[in-house]
Q: 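Before I ask anything, here is the structure I am working with.
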Amino acid sequence: MNFSELLIQWYKKNQRKLPWRNTRNPYLIWISEIILQQTRVNQGFEYYLRFTERFPDVISLANAKEEEVLRLWQGLGYYTRARNIYHAAQQIIHDFNGVFPADYNDIIKLKGIGSYSASAIASIAFKQCYPVIDGNVLRVISRIYGISIPVDSAKGKNEIKAILYELIDKQNPDIFNQAIMEIGALVCSPKSPQCEICPLQALCFAYAEKKTADFPIKGKKISQRSRYFYYLLIIQKQGEEKYIYLHKRTKNDIWKNMYDFPLIETESEININEYLLSEIDALLKSYDFVIQSVSPTFKHQLTHQTIYARFIKIEISLPNLILKDCSLTIPGNINNYPIPKLIDNYLKTDK
DNA sequence: AAGTCGGGGTG
DNA sequence: CACCCAGACTT
């Protein structure tokens, strides 16, 4: 048997049962592919079920509000995906008469769909012959063929794409694509791959040379930075009712279009009693305020930045403060808004 | 080509 | 802790 036959035979016996594998509906396959971008199957599983239950088709998604889509996405990360998926639903309505496009060259026009997702949808939903290249595939092919160019370079990807066009089962590109990703996830793992049970062992350069740990070769290095967030929980009492200022993040930064609190950010840790007091004083325009409490530091780790956040409760007496992109709400209402994990974590400790 | 965008699992 | 996950978009 050749590469493709060995792979597909293994897949038919060992594949996981996953909800998006029971359908050829391009809409459902699309949603699964976006959710799974840079996201493990286990993490995305429940999100897929919830999302497709609330939005079973393009129309229901297109008729929603972006904020509801973001709320369904809350906790999953990379929220650009949720905004793009919403935008793409409008594209399907307006540019494709509400029908999900059936060709790679149209599919890739949709916002948030790049070469990987277009190949996945075109092959799985429409049996078009486009090989997928994701992190799993890069690892599997680079090990088997001993690819010496960094796989995160254009050259490395093109070399792997050329190999895949030779390997892919042209009658069953859908099965081939899912199989090569599945074996990357279940057998050819980043650390200590299970070469003993791998059906492609006899074909594998890295296994023969005992160099599985040396592949894939990567060039890019991850940069890291620290950010210091001082959140102001500005509480305003009106009779018996308490209100709090909620802030919508509108800039091109993390958590765009999600909600947090008025924020003072610095590049290094600061003394709350000095610098911060003057900042708060300026922000509140010298009106009377009382600092009630200051939380301990919440460390929030992202892929490329570390956030150190503290939450400062402030009570003010004056009504109707004007703060940019802010609105007043009752604290119990915050959970109706899409909020980042950091805010969610804090609110859990505050109750 | 490099930088940016989250959160969580894994060793 | 470092690495990486069914990547895409912007600069």
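Every chain is numbered from 1 and lettered A, B, ... according to where its sequence line falls, protein lines coming before strand lines.
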Q: OP1 or OP2 of B/dG3 versus the side-chain N and O atoms of A/H304: is any pair under 4.0 Å?
A: no
Q: If you assign each of A/G75 and A/K155 to its closest nucleotide in DNA chain B, which residue comes earlier from the 5' end?
A: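 By nearest-heavy-atom nucleotide position, the 5'-most residue is A/K155.
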Q: Return no unless some side-chain N or O of A/Q37 is found under 4.0 Å from OP1 or OP2 of B/dC5.
A: no
Q: Hey, which of these two, A/K341 or A/S153, hits DNA chain B nearer its 5' end, going by closest nucleotide?
A: A/S153
Q: With a 4.0 Å cut-off on heavy atoms, is A/S115 in touch with a base, just the backbone sugar-phosphate, or nothing at all?
A: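 Since only primed, P, OP1 and OP2 atoms lie under 4.0 Å of A/S115, the category is sugar-phosphate.
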Q: If you look at every strand shown and take non-hydrogen atoms under 4.0 Å, does A/W20 touch a base, only sugar-phosphate, or nothing?
A: base
Q: Is the A/F55 to A/F51 ring centre distance short of 6.0 Å?
A: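 Yes.
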Q: For A/I339 and B/dG6, give me the distance from atom CD1 to atom P, rounded to whole Å.
A: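 Answer to the nearest Å: 15 Å.
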Q: Could you tell me whether A/L76 contacts a base, only the sugar-phosphate backbone, or nothing, with contacts defined as non-hydrogen atoms closer than 4.0 Å?
A: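 Since a base atom lies under 4.0 Å of A/L76, the category is base.
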Q: Does any donor-acceptor pair link the side chain of A/Q43 with the base of B/dG7 at a separation under 3.5 Å?
A: yes
Q: Hey, does A/K299 reach any base, or is it just sugar-phosphate, or nothing, if we go heavy atoms under 4.0 Å?
A: sugar-phosphate
Q: From OH of A/Y47 over to P of B/dG8, roughly how many Å is that when rounded to an integer?
A: 7 Å
Q: With a non-hydrogen cut-off below 4.0 angstrom, is A/S189 in contact with a base, only sugar-phosphate, or nothing?
A: nothing
Q: Any side-chain N or O of A/H300 less than 4.0 Å from the OP1 or OP2 oxygen of B/dG6?
A: no
Q: Could you tell me whether the phosphate oxygens of B/dG7, OP1 or OP2, come under 4.0 Å of any side-chain nitrogen or oxygen in A/W255?
A: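 So the side chain of A/W255 is within the cut-off, an N or O lying under 4.0 Å from OP1 or OP2 of B/dG7.
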Q: Could you list where the contact with chain A starts and ends along DNA chain C, reading 5' to 3', using a 4.0 Å heavy-atom cut-off?
A: C/dC1 to C/dT10
Q: What is the distance, to the nearest angstrom, from the CE atom on A/M258 to the P atom on B/dG7?
A: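 That distance rounds to 7 Å.
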Q: If you measure from the P atom in B/dG6 to the same atom in C/dT11, how many Å do you get, rounded?
A: 15 Å
Q: What's A/K256 touching, base or sugar-phosphate or nothing? Going by heavy atoms closer than 4.0 Å.
A: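 Nothing, no heavy atom under 4.0 Å.
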Q: Scan A/D253 against the nucleic acid and name what it touches under 4.0 Å (heavy atoms): base, sugar-phosphate only, or nothing.
A: sugar-phosphate
Q: Using a distance-only criterion (donor-acceptor N/O pair, under 3.5 Å, no hydrogens), is the base of B/dG8 paired with the side chain of A/T39?
A: no
Q: Would you check if A/F215 and A/F205 make a side-chain contact, meaning some heavy-atom pair closer than 4.5 Å?
A: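 Yes - at least one pair of side-chain heavy atoms lies under 4.5 Å apart.
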Q: Which part of the nucleic acid, if any, lies within reach of A/R139 when heavy atoms closer than 4.0 Å are counted: base, sugar-phosphate only, or nothing?
A: sugar-phosphate
